[in-house]
Amino acid sequence: AAAPTDPEAVVKKYLVEVKGTPADEDCIICMEKLASPSGYSDACECRTIKPEMVGRLTNCQHSFHMLCVLAMYSNGNKDGSLQCPSCKTIYGEKTGTQPKGKMEVSTFPQSLPGHRDCGTIQIVYHISRGIQGPEHPNPGMPYTARGFPRYCYLPDNDKGRKVLELLKVAWNRRLIFTVGTSNTTGESNTVVWNEIHHKTEMDTNLSGHGYPDPNYLDNVLAELAAQGVTEDCLRK
Ligand code: NAD
Ligand code: ZN
Ligand code: ZN
């Protein structure tokens, strides 16, 4: 059997080939008509997926040239998952490029502004500088890790504990940090937060990343869901 990350196998797992495509519909990956061959015909050598083949994603039903999806997948970190470029639905388990490190959790009785009826969960992320791997923007080059350990806070109530469990899933899938350019400092080749916001201040809010913030837990649940991390992940 083909390895789960074999690019052609991944494309065929999540797309069903469709015939008789409407002539005027575009493939949003290559911007060519679906009725014409894939714009990636020359860039992609593939024995089993032909440039004129069109496929439909199994859940969201969006259609693309199958060769275009293959090119998109091959250009990513090839973790066996696909994300629909149209509606962002995730197929399989999305993983990121967070460098190696450690996530530590503890609790203390002091409460957070806006959550006066419970104690606090503290998460500490440790990541050290290192050398970029093939999944990073500049493989072989060093990356820096500024401001670590980074301390983050959640209310120690039911919703906060649920967020914590989902953050652990996100950490294990390497989704919390990435290597890139910092918006705050402009430094490149450095470890930065990815798309999941954390509260790094508890009793001040000088950075805007503190408490009180009545919408925070719902917002971070939505950000986790956008990365494919939902309550379903906790039931398995
Ligand atoms: P970034 O500036 O590239 O931003 C990425 C995401 O992190 C954005 O969504 C942003 O809203 C969020 N973010 C920005 N500042 C944050 C903060 N203080 N707490 C929580 N989230 C924050 O991300 P980055 O380069 O990882 O830097 C973010 C923060 O990391 C800085 O503001 C700073 O607190 C810390 N940092 C410290 C040093 C240091 O030398 N002590 C150096 C770099 C960054
Ligand atoms: Zn296409
Ligand atoms: Zn879709």
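Remember, it's 1-based here, ligands and their atoms both numbered in the order they're listed.
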*Please work out the angle at the Zn ion (ligand 3) defined by atom SG of Cys60 on one side and atom SG of Cys87 on the other, rounded to 10°.*
110°
_Checking contacts here: is it the side chain or the backbone of His197 that comes within 4.0 Å of ligand 1, counting heavy atoms only? Could be both or neither._
side chain
*Rounded to the nearest 0.5 Å, how far does CD1 of Ile196 lie from CG of Asn219?*
13.0 Å
*Rounded to the nearest 10 degrees, what's the angle SG of Cys27 makes with ND1 of His65 at the Zn ion (ligand 2)? Could you check?*
100°
*Identify whether the distance between the nearest side-chain nitrogen and carboxylate oxygen of Lys33 and Asp24 falls below 4.0 Å.*
no
*For atom 41 (N) of ligand 1, which protein heavy atom lies nearest, and how many Å away is it?*
Gly147 CA, 3.5 Å
*Would you say Asn194 has any N or O atom under 3.5 Å from an N or O of ligand 1, going by distance alone?*
no
*Salt bridge between Glu165 and Lys162, side-chain N to carboxylate O under 4.0 Å?*
no
_Apex the Zn ion (ligand 2); atoms Cys30 SG and Cys68 SG; angle rounded to 10 degrees_ = 110°
*Does the N or O separation between Ser182 and ligand 1 drop below 3.5 Å for any pair?*
yes
*From the options Thr184, Asn183, Thr190, Val191, select the one whose nearest heavy atom is closest to atom 27 (O) of ligand 1.*
Thr184
_Tyr125: which of Phe148, Tyr151, Phe177 passes ring-ring contact (aromatic ring centres under 6.0 Å, His included)_ = Phe177
*Per atom 35 (C) of ligand 1, closest listed option by heavy atom (Glu223, His209, Arg150)*: Arg150
*asked:* Show, in sequence, the C-alpha distance, side-chain angles and deciding distance for Ile123 and Leu154, and conclude whether the side chain to side chain contact (heavy atoms under 4.5 Å, CB included) test is met.
replied: CA-CA 8 Å; Ile123 306 170; Leu154 290 170; 4.0 Å; yes
*Would you please classify the geometry between the His197 ring and the His209 ring as parallel, tilted or perpendicular, with 30° and 60° separating the classes?*
parallel
